[in-house]
Structure formats: C-alpha cells, structure tokens
Novice: 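I'd like to ask you about the structure that follows.
Lettering follows sequence order; numbering is per chain, from 1.
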Protein chains: 2
Amino acid sequence: MTLRITIADVAKKAEVSKSTVSQFLNGRFEYMGIKTRTRIEKAIKELDYQPNVVARSLKKKTTSTIGIIVANILHEFSTQVIRAIENVCHKNGISTIICNADDNPEKERIYIETLLAKQVDGLIVVPIRRNSDIYEKLVDENFPIVFLDRLVEGLPIDTVLLDNETASRIAVNHLIENGYERISIVTTSIIENITPRVERINGYKKALESNGLPIHLDYIKAMDITQLGEGINEIFSLREPPDAIISGNDLTLMEILKYTFENNIEIGKDVGLITIDEVSFSQIHNPPLTTVAQPTFQMGKETATILLNKINNKVDNQHSFIHRYKPTLIVRNSTQKEGVTNE
Amino acid sequence: MTLRITIADVAKKAEVSKSTVSQFLNGRFEYMGIKTRTRIEKAIKELDYQPNVVARSLKKKTTSTIGIIVANILHEFSTQVIRAIENVCHKNGISTIICNADDNPEKERIYIETLLAKQVDGLIVVPIRRNSDIYEKLVDENFPIVFLDRLVEGLPIDTVLLDNETASRIAVNHLIENGYERISIVTTSIIENITPRVERINGYKKALESNGLPIHLDYIKAMDITQLGEGINEIFSLREPPDAIISGNDLTLMEILKYTFENNIEIGKDVGLITIDEVSFSQIHNPPLTTVAQPTFQMGKETATILLNKINNKVDNQHSFIHRYKPTLIVRNSTQKEGVTNE
DNA sequence: CTGTTAGCGCCTTCAG
DNA sequence: CTGAAGGCGCTAACAG
C-alpha cells in the first residue's frame with residue numbers, strides 16, 4: 001500500500017502552511033482569503049487527500065465512535081435495536097462498533113476494555129450483570145454509558161427497556177379473553193436474574209392472580225435454551241397440560257414451534273400460543289402468530305439519543321434513569337381456538 | 001470523564017523510562033531485568049493502565065481493524081457470513097466495523113471513504129458494482145480487499161461466492177425428480193447485473209434445457225422486492241401457472257409465502273417450493289421448506305482468511321481470484337406433492 | 001538491559 | 001488573514 005498523503009502535502013501544493021489547511025478542513029473559513037481557500041480546495045481535489053482520523057482522534061481525544069455490546073445477537077430484538085441506533089448515530093456522524101458478548105461475562109469484560117482502549121466516546125450495552133465493578137468505575141469516571149433491555153440494580157445508569165410486566169399481562173389477558181384457561185409460560189434461564197425474563201414471569205403471575213386464576217408452578221419453565229426442548233416436553237406430559245403457552249422471547253418460540261410441529265400439536269386449536277417479541281415470520285407462519293411486540297425502533301432511537309446527549313454534555317439532571325416502553329399486542333391466529341380464516 | 005493515565009505515568013511509577021514500558025507492553029521481555037518487569041507489572045495493575053490504541057495506531061500505521069460493507073444486511077446470508085468473519089478476526093485480535101450500504105452506491109462510497117479515513121487495515125465488501133473507480137484505485141494502491149457474493153468484472157480482486165448455477169441446477173433437478181414440470185423462478189431485480197441473481201437465472205435456464213424442458217419467459221420474474229408481490233400474482237394468473245417455484249433468496253421467499261398464504265395455495269401440493277439460501281424458520285414452517293443452502297460459515301471463514309493473509313503479506317501469487325463454493329440441497333416437505341408425514 | 005530521541009498526522013494557541 | 005511551534009500517547013532505532 002502506497003503511503004497516504006498528508007496535510008503537509010496539501011499545504012505544500014497549495015503553498016500555504018499546514019495550519020491553514022487544518023483550519024480549512026475544520027470549516028473555519030472566517031478569516032481565510034478566498035483565493036487561499038480555493039487553492040486549498042484545488043490541492044485537496046488533485047491529490048485526492050483524505051484526512052487521517054486516527055491522528056485527529058489522538059489530538060482531539062474524541063473518536064466519533066461509540067461501542068454497542070449486546071448480550072446475544074441471536075435475538076431479533078438485538079439486531080432491530082442496533083439498526084435503530086445506527087440510524088441516529090449515522091445521522092450525527094458517529095460510527096458504531098458492534099460486539100456480541102454471547103452471554104459470556106468474560107467476553108463482555110474484554111469487549112468493554114477493547115472499546116475503551118479504542119477510545120470510543122460512549123457505550124451502549126445490554127449488560128450481562130456480573131461486571132458491576134467495571135460499570136461502577138465507568139460511572140465514577142463519568143463515562144457516557146447507557147444500558148438497554150436489562151437493569152443492573154444500584155447503578156445510576158440510564159436504562160431503556162420494555163415494560164415487561166405489562167407485556168405479560170397483555171398476553172395473559174388476551175389468552176383468557178379467547179377462552180384459554182391453563183396458561184403456561186416458557187422462558188430462558190433466570191438463574192442470572194436477567195431482567196426481562198424475571199419481570200415477564202412476575203407479570204405473568206400477577207396477571208393470573210388478578211384474573212383469579214391459580215399459579216401452577218409446573219406451568220412455568222425457565223431454563224437454558226439447550227434444555228428447553230425437554231422442559232417443553234415435561235409441560236405437555238403433565239396430567240393436565242396447559243391449553244396455552246406464552247413464549248418468553250423469539251428463541252424460546254423456536255423451541256416451542258419445533259416441539260409442536262414434531263408432535264403434531266395444532267397451534268390455536270390444541271394449544272394457544274402467544275410470543276413476546278415480534279419475529280420476522282409471524283405473518284407467514286401457519287397459523288400466523290399472535291405477538292406482543294416491543295417498540296424496538298423507538299427504543300433504539302431513544303437509547304442512542306440519550307447517549308449522544310451525554311457525550312455532548314447536554315444532560316438534563318432532572319431525569320429518571322429508567323425509561324420504560326409499552327408493548328403492543330398484535331393479534332393473529334395462533335390464539336384463536338377456531339382456526340380463523342384469513343382476513 | 002477524568003483524564004486517562006498514560007505510559008508516562010506508568011514509567012514514573014515504575015521508575016523506568018517510557019520506552020521500557022512500551023517494550024513491556026509489546027512483549028519484548030528478552031533483555032529486560034526480571035525486577036524491572038515486575039515493577040512495571042505492578043505499576044500497571046495499581047494504576048489500572050489501559051494502552052491507548054489510537055496513539056499506537058498512529059505510530060504503527062495499522063489499526064488491527066477491518067471494515068465489512070454488505071450490500072444489504074436484511075439477507076440472512078449477510079448476518080451469517082458476518083458472524084463467521086468476526087469469528088476468525090476475533091481469534092486474530094482484529095476488530096471489525098460493519099456497514100450496511102442498503103444497496104445504495106452512494107452510501108457504499110461514503111462508507112469506503114470513512115473506513116479508509118479510519119485507517120482500517122483491509123476491507124471485505126459485497127459490492128454494489130458502480131464504484132469501480134474506487135475499487136480500481138484501491139487495487140492500484142495494493143490495499144487489502146476481498147469481495148464476497150458478487151463479482152465485478154475486470155478487477156483483479158479475490159472474490160468468494162457461491163456456485164450459483166449449480167444451486168439452480170440442483171433446485172431444478174430436485175423439482176423434476178419430484179414430479180414438477182412447470183418450474184418458475186423468482187428473484188429480485190437484475191437491472192444492476194447482480195451476480196447471484198443473474199447466475200441463478202442462467203443456471204435455471206441451462207438446467208431446464210438439459211432436462212429437455214422449454215424455457216417459458218413468463219415463468220421468470222426478476223423485479224424489485226417492492227413490486228414482487230404483483231409479479232408473483234402475475235405468475236399465478238397465467239393461463240397455465242407453474243406447478244413449482246424456485247425462490248431466488250430469502251427476501252423473495254417472504255413475498256412468495258405471503259402470497260401463497262393469502263391465497264390459500266397449499267405449498268407442496270398446489271405448488272412446489274424450493275428456496276436458495278437457508279432461512280431460520282425453514283424447519284418449523286408448515287410445511288418445512290426445502291432449501292439449497294450456501295456454506296455461509298465456510299465462505300465467511302475463507303473470506304476473512306484471504307484478507308488477513310493479504311494484510312500480513314502472506315499472499316500466494318499462484319491463486320485464482322475466484323473462489324466458488326458448492327451449495328447443499330436440504331430436502332424437506334415443500335417439494336413433496338403428497339404432504340409427507342413428519343420423520 | 002535501559003534511556004534518549006525523534007517522529008506518526010493532526011490541531012491549536014499565539015504571534016505576526 | 002496566515003504561519004511557527006508544541007504536543008496528543010505511543011513506538012522504534014540507536015546509544016549507552
């Protein structure tokens with residue numbers, strides 16, 4: 001690779017000093033002679049000069065780059081929210097570096113360190129909750145950071161997330177209204193106290209109670225995705241199996257669908273199914289899937305906006321740290337007992 | 001944000017010079033006294049020092065970062081291949097910056113420029129074919145770059161892609177073997193001469209010919225995704241509609257499934273369906289979908305490996321520039337006329 | 001075995 | 001209105 005040309009080359013060609021070129025690059029034309037300006041412009045064009053942002057970053061101590069660390073990129077939620085974040089960042093001339101921690105705290109730690117070493121201006125993370133010490137340090141340093149989807153107690157860090165209890169309540173109520181009575185919920189493991197899972201189960205319990213329905217512990221499955229197939233089998237093997245299932249997220253949904261498919265269980269009729277988190281194929285699935293959708297786009301946008309404001313020191317100190325978003329029920333056929341016809 | 005500590009602080013604390021610390025950081029312990037070494041180690045721990053990679057990059061003229069530009073992140077192919085690339089990069093201590101050009105040449109150009117300004121060490125791109133001038137310049141500069149999925153003629157740039165004609169041939173043959181005769185193919189627009197689409201259509205034609213079947217132009221739909229719904233409708237409105245469809249990719253698949261669902265067309269029985277590119281829900285779809293899968297993981301791995309070798313100047317000049325991969329047929333029920341039972 | 005020195009490419013006072 | 005000088009944090013000879 002041939003050596004890149006620098007500001008010095010431009011200066012020489014335009015017969016001005018480096019600093020004048022620098023001023024030009026930074027849009028400070030105020031006191032610049034029009035002829036100087038055009039000479040520089042011409043030189044840049046002819047040499048096809050591209051500023052070196054690494055050098056600029058070193059000097060300015062800001063990189064116009066933020067890091068995004070998601071716990072698990074396999075969730076559609078992650079990719080959707082990332083796209084929304086990128087959108088607003090891009091509009092503001094900010095680049096993003098995306099990292100997938102794979103639900104591994106060690107990996108998360110390494111990513112945080114790497115990103116800090118890269119001098120990112122801020123961080124958005126779906127935290128795995130384990131690296132509290134690091135987060136605390138960042139807070140102490142007043143480093144711009146925003147959490148997404150998951151709460152970490154005791155840390156004054158802005159967090160954008162779903163109103164998960166409401167999501168469950170919507171799901172339960174909808175199922176009851178449609179004649180289902182024995183409602184089960186299936187989520188991934190809660191041993192790490194992951195916010196959405198815990199809250200969705202809590203919301204589920206509360207909703208059952210307020211409908212005067214009993215809470216049946218056998219109907220609650222929260223386990224690692226690799227064992228969930230077995231867990232689902234247990235539910236359906238109960239003396240009195242549920243007549244409806246709430247799927248905690250898109251990954252659990254796949255396991256449920258796999259099971260019902262393999263066992264010829266007819267969704268809607270044999271068992272009602274509603275899933276939290278919209279999925280790409282919900283409309284073309286047979287039957288189409290009723291979902292409780294998160295406003296992922298809005299949430300991503302809000303998260304990015306909060307972070308950018310922090311970076312620019314435009315923080316309103318009045319605000320609370322927790323930003324909850326309301327889910328939306330999208331009714332389709334998987335919660336209709338009488339296989340509704342299309343439209 | 002408090003000011004970060006630098007190599008100078010460590011040097012002072014450890015009572016050595018900056019260069020000694022630098023040597024330590026770069027693992028050149030060879031001539032270093034063991035006591036010096038431990039003193040430095042201690043200082044780093046105590047100060048919680050993190051090297052500034054921006055400064056290092058400026059000096060070393062290498063950033064240990066590569067850029068990935070995909071034409072359209074909505075394809076599952078993109079995300080899968082990105083994950084494979086990240087995998088091998090991560091193992092080699094290389095970071096990745098992912099950009100989605102959204103099938104927009106202008107956006108692609110800006111991303112290339114931004115990434116170069118960021119001094120990335122190399123580029124992997126799914127090219128939109130329009131910015132040939134930029135690519136040529138990069139080639140002239142001997143800048144490390146690898147293309148993925150799409151060919152750009154006349155440029156000596158390594159390209160990793162599917163053997164698309166074979167993919168179509170496999171699809172056609174499989175359909176014929178299963179008793180289908182009037183085979184249609186549906187892809188996104190080919191006005192830009194996008195390699196996979198063009199090749200898949202060519203392969204389709206050739207396969208029909210070698211099976212002694214006529215090529216029916218009405219059965220070939222290649223149009224923008226936004227109009228594809230209409231195109232599909234046209235196919236099914238023909239006097240003699242096809243009895244099987246080859247879907248060109250995952251996005252076209254969604255359109256097809258939407259149409260068949262809305263029109264109560266039974267897949268397998270009313271119309272056979274096979275899609276090129278594996279999709280997440282192929283197994284749990286009803287009926288499960290027969291696909292022609294790309295070895296995305298391998299392809300991503302190969303792409304990254306080629307690029308890293310280029311970056312490290314370990315290039316074998318003997319190689320050809322085009323690396324073709326064989327697709328795999330995954331037979332499921334969407335190509336079975338007699339609704340096969342599970343298992 | 002360790003320190004001195006001289007930049008990497010850019011930005012930013014501060015003189016002129 | 002423009003230029004000279006210093007330095008961001010780190011690395012890499014080259015002395016010692």
Novice: Taking atom C1' of D/dC8 as reference, at what distance in whole Å does atom CG of B/D9 sit?
Specialist: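 Spelled out: CG on B/D9 to C1' on D/dC8 is 13 Å.
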Novice: Just how far, in rounded Å, is P of C/dC10 from NZ of A/K61?
Specialist: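 So the two atoms are 19 Å apart, to the nearest Å.
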Novice: For B/Y49 and D/dC10, is the shortest distance between a side-chain N/O and OP1 or OP2 below 4.0 Å?
Specialist: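 Answer yes for this pair, as a side-chain N or O of B/Y49 is under 4.0 Å from OP1 or OP2.
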Novice: Tell me the interatomic distance from A/K12, atom NZ, to D/dG3, atom C1', rounded to whole angstroms.
Specialist: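 Whole-Å distance recorded here is 17 Å.
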Novice: Would you mind reading off the distance between B/Q50 atom CD and D/dC10 atom P, rounded to a whole angstrom?
Specialist: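 After rounding, the reported distance stands at 11 Å.
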Novice: Among the candidates C/dC10, D/dT11, D/dT2, find the nucleotide nearest to the side-chain atoms of B/K60.
Specialist: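 When the side chain of B/K60 is considered, D/dT11 is the closest of C/dC10, D/dT11, D/dT2.
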Novice: Once you apply a heavy-atom cut-off of 4.0 Å, does A/K59 come out as touching a base, just sugar-phosphate, or nothing?
Specialist: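 Base contact.
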Novice: Should the heavy atoms of other residues, nucleotides or ligands under 6.0 Å from NZ of A/K107 be counted, would the total exceed 12?
Specialist: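 More than 12 within 6.0 Å, yes.
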Novice: Using OP1 and OP2 only, check whether a side-chain N or O of B/S17 sits under 4.0 Å from C/dG3.
Specialist: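 Yes, B/S17 has a side-chain N/O under 4.0 Å of OP1/OP2 on C/dG3.
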Novice: Between A/R56 and B/I34, which is nearer to the 5' end of DNA chain C once each is assigned its nearest nucleotide?
Specialist: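 Its nucleotide being nearer the 5' end, the pick is B/I34.
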Novice: I'd like to know if the side chain of B/T65 pairs up with that of A/K118 as donor and acceptor (distance under 3.5 Å, no hydrogens or angles considered).
Specialist: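 Side chains of B/T65 and A/K118: pair found under 3.5 Å.
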Novice: A/I5 has an atom CD1; how far is it from atom P of C/dG9, in whole Å?
Specialist: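 It is 11 Å, rounded to the nearest whole Å.
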Novice: Could you tell me whether B/R130 and B/E192 make a salt bridge, using a distance below 4.0 angstrom between a side-chain N and a carboxylate O?
Specialist: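 Judged by the 4.0 Å cut-off on N to carboxylate O distance, B/R130 and B/E192 do form a salt bridge.
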Novice: What is the separation between atom CG on B/L58 and atom C1' on C/dC8, rounded to the nearest whole Å?
Specialist: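 In whole Å, C/dC8 C1' and B/L58 CG are 4 Å from each other.
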Novice: Quick one: A/I7 CD1 to C/dC11 C1', roughly how many Å, whole number?
Specialist: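 After rounding, the reported distance stands at 8 Å.
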Novice: If only side-chain N and O atoms of B/N26 are considered, is one of them under 4.0 Å from the OP1 or OP2 phosphate oxygen of D/dT11?
Specialist: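 Affirmative; the distance criterion is met.
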Novice: Relative to the ring of B/Y135, is the ring of B/F147 parallel (under 30°), tilted (30 to 60°) or perpendicular (over 60°)?
Specialist: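 Correct class here is perpendicular.
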Novice: Taking 4.0 angstrom as the limit, do B/E41 and B/K45 come out as a salt bridge?
Specialist: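 Answer for the salt bridge query: no.
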Novice: Heavy atom of residues 36-47 of chain B under 4.0 Å from DNA chain D: which residues?
Specialist: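 Nothing qualifies; none.
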Novice: Given D/dG9, C/dG9, C/dG3, identify the nucleotide with an atom nearest to the side chain of B/T20.
Specialist: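 Per side-chain heavy atoms of B/T20, the pick is C/dG3.
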Novice: For a quick check of understanding: with a heavy-atom distance under 4.0 Å over all strands, which category does B/F24 fall into, base, sugar-phosphate or nothing?
Specialist: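 No contact.
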Novice: Round to a whole Å and report the spacing from CD of A/E15 to C1' of D/dC1.
Specialist: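 Spelled out: CD on A/E15 to C1' on D/dC1 is 17 Å.
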Novice: Counting distance alone, no hydrogens or angles: does the base of C/dT4 have a donor or acceptor under 3.5 Å from a partner atom on the side chain of B/S19?
Specialist: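 Present.
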Novice: Assess whether a salt bridge exists between A/R83 and A/E86, defined as any Lys/Arg side-chain N lying under 4.0 Å from an Asp/Glu carboxylate O.
Specialist: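 Not counted as a salt bridge, because no side-chain N and carboxylate O are separated by less than 4.0 Å.
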Novice: Strictly below 4.0 Å, N to O, side chains only: are B/D103 and B/R150 in salt-bridge contact?
Specialist: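 Looking at B/R150 together with B/D103, the answer is yes, because their closest N to O distance falls below 4.0 Å.
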Novice: Report yes if a donor N or O on one partner sits less than 3.5 Å from an acceptor N or O on the other, where the partners are the side chain of B/S22 and the base of D/dA12; otherwise report no.
Specialist: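 There is none.
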Novice: Using heavy-atom distances to pick each residue's nearest nucleotide on DNA chain C, tell me which of B/Q23 and A/K18 is more 5'.
Specialist: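 The residue mapped nearer the 5' terminus is B/Q23.
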Novice: Considering residues, nucleotides and ligands other than A/E15, do more than 12 of their heavy atoms fall under 6.0 Å from its CD?
Specialist: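 It does not: A/E15 CD has 12 such atoms or fewer within range.
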